[in-house]
Amino acid sequence: MKIPPVKGTRDFYPEQMRLRNWIIDGWKDASIRNGFLEYDGPIFEYLKMYQVKSGDEIVEQLFSFEDRGQRLLAIRPEITPTLARMVNQQINSLPRPIKWFSVPRVCRAERPQKGRLREFFQWNIDIIGVDELIADAEVIFCAIDYMRQVGLTSDDVVAKISSRKMLAAILDLIGIAPQELTGVYTTMDKRAKLSDEAFEELLEKQLPDKQKQAEVIKLMAVTSINEIEEIFELNEAAQAAVDELKELFRLLDMMGVSDFCSFDISIVRGLAYYTGVVFEVHDKLGELRAVCGGGRYDNLLKDFGGPSVSATGMGMGDCVLEILLENKGLLDNARKPLGVDYYIAALDKELVEASFEIAAKLRAKGLSAEFAYKPIKMKKLMKQASNLGAKHCIVLGQEFIESKELVVKNMASQEQKNMSLDALLAQLR
RNA sequence: GUGGAUGUAGCUCAGCUGGUUAGAGCAUCGGUUUGUGGUACCGGGAGUCGGGGGUUCGAAUCCCCUCAUCCACCCCA
């Protein structure tokens with residue numbers, strides 16, 4: 001019976017595993033460089049955990065099950081609820097600020113398509129307990145810092161930034177009721193994908209009032225923060241939110257990443273829990289879905305039964321990132337095999353054991369060494385060493401039989417020397 | 001949940017309007033007479049042509065059903 005792999009999953013053969021590790025190691029490097037500490041949680045939680053902040057639609061996209069104790073559980077589709085739970089549990093003893101990162105494997109029962117699978121890895125960074133805007137700036141900086149690290153430039157990607165707080169204030173100004181807000185947000189979030197007509201049609205459904213519609217359309221057409229101040233008669237709350245966004249851009253400029261950043265009114269983000277700055281990083285050509293997204297979510301810890309503590313963060317999945325890096329030709333280093341230090345092979349059957357002994361001694365010295373299980377011909381030996389990316393090869397042949405000498409060849413320089421094993425080991429010291 | 005496309009060797013595919021034992025390139029393994037690396041040549045293994053049914057003397061090829069995958073929509077934490 002042949003059993004196929006499960007829909008939306010990936011098998012990581014050594015080649016793909018190398019790439020996956022390269023991506024994850026890069027995320028970890030960037031996190032640590034930016035002062036984040038690593039954490040992790042269980043791969044499943046109570047189903048309830050994921051129902052708190054999202055509706056039944058989201059629950060349909062969970063892999064959930066009942067355990068033998070009739071507990072309703074779900075495989076994690078994200079790690080933020082786990083983070084909220086963990087932080088809440090120790091909120092009074094954790095040193096502030098809480099700057100944590102994680103690279104969880106997560107699962108969502110969505111229909112797979114380009115850049116979206118049912119199982120993937122998601123880099124998360126979060127800063128908890130900092131009300132100041134500097135934390136939002138740092139999160140965005142860290143994401144960009146990683147992009148730069150892997151060779152992406154401001155010609156390749158752009159961080160599109162907006163503010164939920166500002167949108168809320170202006171929509172309030174326009175006269176949109178709080179209960180209409182979610183629907184309007186959802187429509188606004190789609191703006192970039194739709195034609196003018198399609199957008200207006202969709203908006204019509206959410207917002208029957210013509211006057212308000214016109215105002216929203218006017219708002220969605222702005223391309224700069226200054227334009228907002230020119231077009232709208234801002235009240236105090238709206239002005240404060242606009243000023244805050246301006247301040248964010250000032251901070252990002254100070255951090256030297258402003259060429260990656262641009263204001264974009266259409267960045268709203270799907271679900272309701274964002275309360276302030278929101279952003280998404282996209283490929284500049286606009287061919288792919290968002291590489292990463294995040295923002296401020298000041299109510300989340302409270303929603304999970306904790307105290308009211310502010311938070312801001314972001315998540316980046318490996319699927320879109322990999323496609324983007326592939327398109328930009330930035331995966332050459334990721335695919336390069338590491339290669340062993342020594343490849344050892346014997347030309348005669350009686351010398352195979354000795355090659356194992358030599359490999360063992362090199363390994364004991366902390367070097368990587370691989371050897372052939374069977375005697376092989378010289379030509380094949382060289383080819384094998386070359387395929388394995390070996391830095392050196394050691395040949396056991398006639399001279400080993402006669403005088404216990406190894407032929408040690410540097411594969412790159414092609415230089416080779418005859419020496420005893422002791423001499424080789426001594427030279428390593 | 002909706003729509004579109006595609007399923008032939010491990011991978012990428014070819015197989016014209018149905019015709020004998022189903023092919024190529026890459027990969028893999030083994031060779032090319034005696035001890036030195038991505039080249040060249042020879043050879044081997046590997047496929048119930050996604051599965052089932054139908055039409056036909058004969059189906060990878062035509063028809064129906066089904067499954068799977070990919071792409072787009074929905075959704076996107």
Side-chain angles (χ1 to χ4, degrees), chain A residues 2-11 13 15-16 45 49-62 74-84 104 106-118 120 122 124 126 185-186 189-190 193-194 198 202 268-274 278 280 287-295 297 300 303-304 313-317 319-320 323 343 345-348 351 374-401 407-416 418:
Chain A
K2 201 170 175 182
I3 299 172
V6 175
K7 182 199 281 286
T9 63
R10 287 172 287 181
D11 292 328
Y13 287 85
E15 194 190 339
Q16 289 87 8
E45 294 270 5
M49 183 83 105
Y50 306 110
Q51 294 171 314
V52 169
K53 69 173 190 183
S54 19
D56 289 341
E57 279 180 32
I58 295 294
V59 171
E60 279 173 24
Q61 299 188 332
L62 287 171
I75 298 174
R76 63 187 177 190
E78 56 167 333
I79 202 170
T80 310
T82 301
L83 171 69
V106 295
C107 295
R108 300 175 183 176
E110 296 175 295
R111 185 161 286 193
Q113 52 191 277
K114 193 176 184 185
R116 189 161 83 176
L117 297 171
R118 290 184 153 193
F120 58 99
Q122 191 185 54
N124 285 254
D126 291 278
Y185 277 152
T186 308
D189 195 42
K190 293 186 178 124
K193 283 200 241 173
L194 301 172
L202 203 60
V268 181
R269 308 280 298 150
L271 252 63
Y273 71 68
Y274 289 102
V278 281
E280 286 176 5
E287 290 172 342
L288 307 172
R289 53 184 72 244
V291 180
C292 83
Y297 51 99
L300 193 69
D303 291 345
F304 280 95
M314 71 101 200
M316 181 186 301
C319 301
V320 177
I323 294 167
Y343 177 69
L347 301 175
D348 292 296
L351 305 179
K374 290 177 185 172
I376 55 176
K377 291 186 178 162
M378 186 60 97
K379 190 163 189 165
K380 176 132 189 232
L381 186 155
M382 290 299 159
K383 199 170 173 178
Q384 283 282 25
S386 177
N387 288 345
L388 288 167
K391 294 179 185 71
H392 307 87
C393 72
I394 295 176
V395 184
L396 299 179
Q398 198 57 35
E399 49 284 88
F400 191 77
I401 296 171
V407 178
V408 181
K409 179 172 179 177
N410 181 315
M411 295 301 287
S413 69
Q414 303 198 33
E415 284 169 50
Q416 69 181 50
N418 291 12

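In what follows, every chain begins at residue 1, and chains take the letters A, B, ... in the order their sequences are listed.
Annotation: C16(B) and G52(B) have their C1' atoms spaced 28 Å apart (nearest Å). Going from the C1' atom of G19(B) to that of G1(B) covers 45 Å, rounded to whole Å. Taking atom P on both nucleotides, U61(B) is separated from G7(B) by 12 Å, rounded to a whole Å. Nucleotides C64(B) and U20(B), compared at atom C1', are 28 Å apart to the nearest Å. Rounded to a whole angstrom, the distance from the C1' atom of C57(B) to that of U48(B) is 23 Å. G10(B) and G53(B) have their C1' atoms separated by 31 Å, given to the nearest Å. Taking the C1' atoms as reference points, A40(B) lies 23 Å from G45(B), given to the whole Å. Comparing the C1' positions of A59(B) and U55(B) gives an interatomic distance of 10 Å, to the nearest angstrom.
If you check C73(B) for Watson-Crick or wobble pairing at under 3.5 angstrom, you find it paired to G1(B). Checking C62(B) for Watson-Crick or G-U wobble geometry (two distances, each under 3.5 Å) identifies G54(B) as its partner. In this entry A24(B) has U12(B) as its Watson-Crick or G-U wobble partner, both defining distances falling under 3.5 Å. The pairing partner recorded for U32(B) is A40(B), the criterion being a Watson-Crick or G-U wobble arrangement whose two distances lie under 3.5 angstrom. Figure legend. A68(B) is base-paired to U6(B); pairs are counted as Watson-Crick or G-U wobble with both atom distances under 3.5 Å.
For Arg269(A) and Glu280(A), the salt-bridge test passes: some basic side-chain N is under 4.0 Å from an acidic carboxylate O.
Following rounding to the nearest Å, Gln384(A) (CD) and U36(B) (C1') show an atom-to-atom distance of 14 Å. To the nearest angstrom, P of C76(B) lies 19 Å from CG of Leu117(A). Atom NZ of Lys377(A) is separated from atom C1' of U33(B) by 8 Å (rounded to the nearest Å). At whole-Å resolution of the value, CZ in Arg10(A) and P in U69(B) are 15 Å apart. Summarising the geometry, the separation between OH on Tyr297(A) and P on A77(B) is reported as 13 Å, rounded to the nearest angstrom. One can place OH of Tyr13(A) at 18 Å from P of A27(B), the figure rounded to the nearest angstrom. One atom, CD of Glu110(A), and another, C1' of C71(B), lie 16 Å apart when rounded to the nearest Å. Between Leu194(A) atom CG and C74(B) atom C1' there is a gap of 13 Å when expressed in whole angstrom units.
Comparing U32(B), C74(B), C70(B) by their nearest atom to the side chain of Pro112(A) picks out C70(B). When each of U36(B), A77(B), C74(B) is scored by its nearest atom to the side-chain atoms of Gln416(A), the top-ranked nucleotide is U36(B). Each of C76(B), A72(B), A77(B) was ranked by its minimum atom distance to the side chain of Lys114(A); first place goes to A72(B). Comparing U32(B), G35(B), C75(B) against the side chain of Lys190(A) picks out C75(B) as the nearest.
Not one side-chain nitrogen or oxygen of Lys380(A) sits closer than 4.0 Å to the OP1 or OP2 atom of C29(B). Close to C75(B), at under 4.0 Å from its OP1 or OP2, lies no side-chain N or O of Arg111(A). Between C71(B) and Gln113(A), no contact under 4.0 Å exists linking OP1 or OP2 to a side-chain N or O.
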query: Between Val268(A) and Tyr274(A), is a side chain to side chain contact (heavy atoms under 4.5 Å, CB included) present by the stated rule, with each step listed?
result: CA-CA 9 Å; Val268(A) 181; Tyr274(A) 289 102; over 6 Å; no
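Counting heavy atoms from C-beta on, the side chains of Asp126(A) and Tyr297(A) come closer than 4.5 Å. Residues Arg108(A) and Glu78(A) are in side-chain contact: their nearest non-hydrogen atoms beyond the backbone lie under 4.5 Å apart. For the pair Val395(A) and Met378(A), the minimum side-chain heavy-atom distance is below 4.5 Å. No side-chain heavy atom of Ile79(A) sits under 4.5 Å from any side-chain heavy atom of Gln122(A). Between Cys393(A) and Met382(A), the closest side-chain pair of non-hydrogen atoms falls below 4.5 Å.
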message: For a quick check, with a 4.0 angstrom heavy-atom cut-off, what is the B/S/- contact string for nucleotides 37-42 of chain B, read 5' to 3'?
response: BSB---
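Residue Arg269(A) is in sugar-phosphate contact alone, with no base atom involved, counting any heavy-atom pair closer than 4.0 Å across all strands shown.
Rounding to the nearest 0.5 Å gives a distance of 4.0 Å between OH of Tyr50(A) and OG1 of Thr82(A). A distance of 4.5 Å separates CD1 in Ile401(A) from CG in Leu351(A), rounded to the nearest 0.5 Å. Distance check, rounded to the nearest 0.5 Å: CD of Gln398(A) to CG of Asp348(A) gives 7.0 Å.
Within 3.5 Å, no donor on the side chain of Arg116(A) pairs with an acceptor on the base of C71(B), nor the reverse. A donor N or O paired with an acceptor N or O is found under 3.5 Å between the base of G35(B) and the side-chain atoms of Glu399(A).
With RNA chain B read from its 5' end, the first of the two nearest nucleotides for Leu347(A) and Tyr273(A) is the one closest to Leu347(A).
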